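Report on the following structure.
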Amino acid sequence: MIKVLIAGFTGAMGQKAVHLVQESDGYELVAGFAADVTSKDPKDYDLPAGVAIYGDLNEIQTDADIWIDFTLPSAVYANTKFAIEHGIHPVIGTTGLTDDQVSELQELANAKHLGGLVAPNFGMSAVLLMKFAKEAAKYFPDVEIIEMHHDNKADAPSGTALSTAKLIDEVRPEHEQGNPNETESLSGVRGGDYHGIHIHAVRLPGYVAHEQVLFGGPGEALTIRQDSFDRQSFMTGVKVAMDHVLDLKQLVVGLENVL
C-alpha cells in the first residue's frame with residue numbers, strides 16, 4: 001500500500017482528495033494535516049481510526065510516501081520543503097509558489113534524490129487549455145487572459161493563468177502589444193502585466209474555476225476557454241499525479257509533464 005498524507009484535508013479540495021485516496025486501490029490515507037483542526041480524533045472528521053491528525057507542521061511524524069497539498073499560498077512553501085526534507089514525495093495543488101521558491105525546492109529535491117509534482121491545475125481541461133494556448137501564441141502574439149474564480153480564492157492571479165502566460169511568453173514573438181501611449185483613468189483597469197501579457201482576475205460567488213485566453217489578429221480573433229464546474233473534476237489529475245509521482249526523479253512543474 002502506498003501511504004498518503006493530505007495537507008489541508010479539512011478544506012473543499014482536501015475533502016475531495018480524502019475521498020479519492022480512500023476509493024483508490026493500492027493507497028492508504030495515514031495522516032491529515034490542517035492548521036484549523038480542533039481535535040486529534042480522526043472520527044471527528046469521519047476518518048478511519050488510525051489516521052493521524054496534525055495541526056502543526058512541526059508535530060508531524062509519519063511514514064507517508066506521498067504528500068498531497070491543498071492548503072494556502074502562505075503555507076505551501078514551508079509545507080513542500082518539509083515534505084521533501086522528510087523524504088515524502090510532494091503532489092502540490094496549492095498555488096502561490098514564486099519562481100525563486102520553485103527553484104529552491106527543485107534544488108532541495110535534487111539533493112534528496114526525490115521526485116515530486118507542482119501542478120497549477122489538476123483539471124484536464126485546464127492542462128489542455130495551456131497546451132493549446134502555447135501553440136496558438138506562435139501565430140497570435142497579441143493576447144490577454146481572463147481568469148474567473150469563486151470569491152473565496154486567496155490569491156490572484158490564479159496559478160493556472162500565470163502558468164498560461166509563462167508558456168505563451170516562451171514562444172510569443174517579442175513585440176509591443178497595444179497602444180504605447182495608453183493611459184488608465186482608473187488605476188489597474190488593464191489588469192496585471194506579465195511581460196506585456198495582461199491578466200485579469202475575476203472573483204465572484206457561483207464560480208469555481210474558469211479561464212479564457214483571448215488572441216487577436218488582423219481581421220480575426222481566437223478564444224480558448226475552459227470551465228471547471230465542480231471540484232471533483234480536479235481529482236482525475238490528482239489520481240494521475242499519485243500514480244506517477246513515485247517514479248519521478250525530480251520536482252516537476254505542470255501535470256502535462258507526467259501525462
Side-chain angles (χ1 to χ4, degrees), residues 12-13 70-74 76-77 92-103 118-229 231 233-234 253-256:
M13 284 295 292
F70 288 110
T71 55
L72 295 170
S74 59
V76 63
Y77 173 73
I92 307 301
T94 310
T95 57
L97 288 170
T98 66
D99 291 344
D100 288 343
Q101 288 175 332
V102 171
S103 295
V118 176
N121 199 307
F122 282 107
M124 299 304 294
S125 62
V127 172
L128 291 172
L129 173 141
M130 290 187 281
K131 181 181 179 68
F132 298 155
K134 182 177 181 179
E135 182 66 22
K138 298 175 185 177
Y139 309 98
F140 289 91
D142 291 279
V143 56
E144 300 203 11
I145 298 170
I146 305 172
E147 56 95 341
M148 299 151 282
H149 283 77
H150 56 90
D151 55 343
N152 288 320
K153 184 168 175 58
D155 59 328
S158 69
T160 305
L162 190 56
S163 293
T164 305
K166 290 177 180 178
L167 289 171
I168 289 171
D169 190 54
E170 289 178 9
V171 300
R172 187 174 79 132
E174 186 173 342
H175 77 300
E176 292 294 329
Q177 177 174 315
N179 186 344
N181 299 316
E182 177 182 82
T183 60
E184 291 183 342
S185 57
L186 181 63
S187 179
V189 73
R190 291 288 289 118
D193 187 319
Y194 181 84
H195 296 185
I197 302 170
H198 287 273
I199 304 175
H200 310 267
V202 175
R203 298 290 178 267
L204 287 171
Y207 284 70
V208 177
H210 318 262
E211 182 174 333
Q212 292 185 94
V213 185
L214 289 74
F215 297 94
E220 61 181 338
L222 170 66
T223 300
I224 304 173
R225 174 171 176 140
Q226 70 83 213
D227 298 278
S228 299
F229 300 110
R231 291 179 176 86
S233 65
F234 301 127
V253 178
L255 181 63
E256 66 274 11

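Nothing here was measured: the structure is a model prediction, and the numbers come from that model.
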Subject >> Closest heavy-atom pair and its distance - F234, S228 >> reply: CE2-OG, 3.6 Å
**OP:** Carefully, step by step, assess R203 and H149 under the rule side-chain contact (heavy atoms from CB on, under 4.5 Å).
**Re:** CA-CA 5 Å; R203 298 290 178 267; H149 283 77; 3.6 Å; yes
Subject >> Worked check of side-chain contact (heavy atoms from CB on, under 4.5 Å) between L214 and I145 >> reply: CA-CA 6 Å; L214 289 74; I145 298 170; over 6 Å; no
Original post:
If you measure only the distance, is there a donor-acceptor pair under 3.5 Å linking the side chains of S158 and E211?
Top reply: no
Subject >> Donor-acceptor pair, side chain of E135 and main chain of F132, under 3.5 angstrom >> reply: no
Original post:
Under the 3.5 angstrom rule, does the side chain of H195 hit a backbone N or O of D193 as a donor-acceptor pair?
Top reply: no
**OP:** Any chance you could measure S163, atom OG, to L129, atom CG, to the nearest 0.5 Å?
**Re:** 11.5 Å
Subject >> From CG (L162) to CG (D155), nearest 0.5 Å >> reply: 9.5 Å
Original post:
Taking the inter-plane angle between the rings of F122 and F70 on a 0 to 90° scale, is it parallel (under 30°), tilted (30 to 60°) or perpendicular (over 60°)?
Top reply: perpendicular
**OP:** Evaluate side-chain contact (heavy atoms from CB on, under 4.5 Å) for R231 paired with H150, printing each intermediate quantity in order.
**Re:** CA-CA 11 Å; R231 291 179 176 86; H150 56 90; 3.6 Å; yes
**OP:** May I ask you to test the M130-V213 pair for a side-chain heavy-atom distance under 4.5 Å?
**Re:** no
Subject >> Value rounded to 0.5 Å, distance of CG in D100 from OH in Y77 >> reply: 10.0 Å
Subject >> Which atom of V118 lies closest to which atom of P120, heavy atoms considered >> reply: O-CD, 3.8 Å
Subject >> Parallel, tilted or perpendicular: rings of H200 and H198 (30°, 60°) >> reply: parallel
**OP:** Taking the side chain as every heavy atom from C-beta outward, state whether Q212 and I224 have any pair of such atoms under 4.5 Å apart.
**Re:** no
**OP:** Measure from the side-chain N and O atoms of D227 to the backbone N and O of F229, and report whether any donor-acceptor pair falls under 3.5 Å.
**Re:** no
Original post:
Going by heavy atoms in the side chains, are M148 and L204 under 4.5 Å from each other?
Top reply: no
Original post:
Do side-chain atoms of T94 reach the backbone of T71 as a donor and acceptor pair under 3.5 angstrom?
Top reply: yes
**OP:** Please check if the side chain of Q177 supplies one atom and the backbone of V143 the other of a donor-acceptor pair under 3.5 Å.
**Re:** yes
**OP:** Determine whether E220 and F140 make a side-chain contact, defined as any pair of heavy atoms from C-beta on separated by less than 4.5 Å.
**Re:** yes
Subject >> Polar side-chain atom of E184 near backbone of R190 as donor-acceptor pair, under 3.5 Å >> reply: yes
Original post:
side-chain contact (heavy atoms from CB on, under 4.5 Å) between T95 and T160: does it pass, once the steps are laid out?
Top reply: CA-CA 8 Å; T95 57; T160 305; 5.9 Å; no
Subject >> Atom of A165, atom of I199 and distance for their closest heavy-atom approach >> reply: CB-CD1, 3.9 Å
Subject >> Nearest heavy atoms of P73 and G96, plus distance in Å >> reply: CB-CA, 4.1 Å
**OP:** Indicate yes or no: does R172 engage D142 in a salt bridge with an N to O separation below 4.0 Å.
**Re:** no
Original post:
Do F215 and T223 come close enough that some side-chain heavy atom pair is under 4.5 Å?
Top reply: no
**OP:** Could you walk me through whether E147 and K153 pass the salt bridge (Lys or Arg N to Asp or Glu O under 4.0 Å) test, one step at a time?
**Re:** CA-CA 12 Å; E147 56 95 341; K153 184 168 175 58; over 6 Å; no
Original post:
Taking NZ, NE, NH1 and NH2 as the nitrogens, is one of them in E170 or K134 under 4.0 Å from a carboxylate oxygen of the other?
Top reply: yes
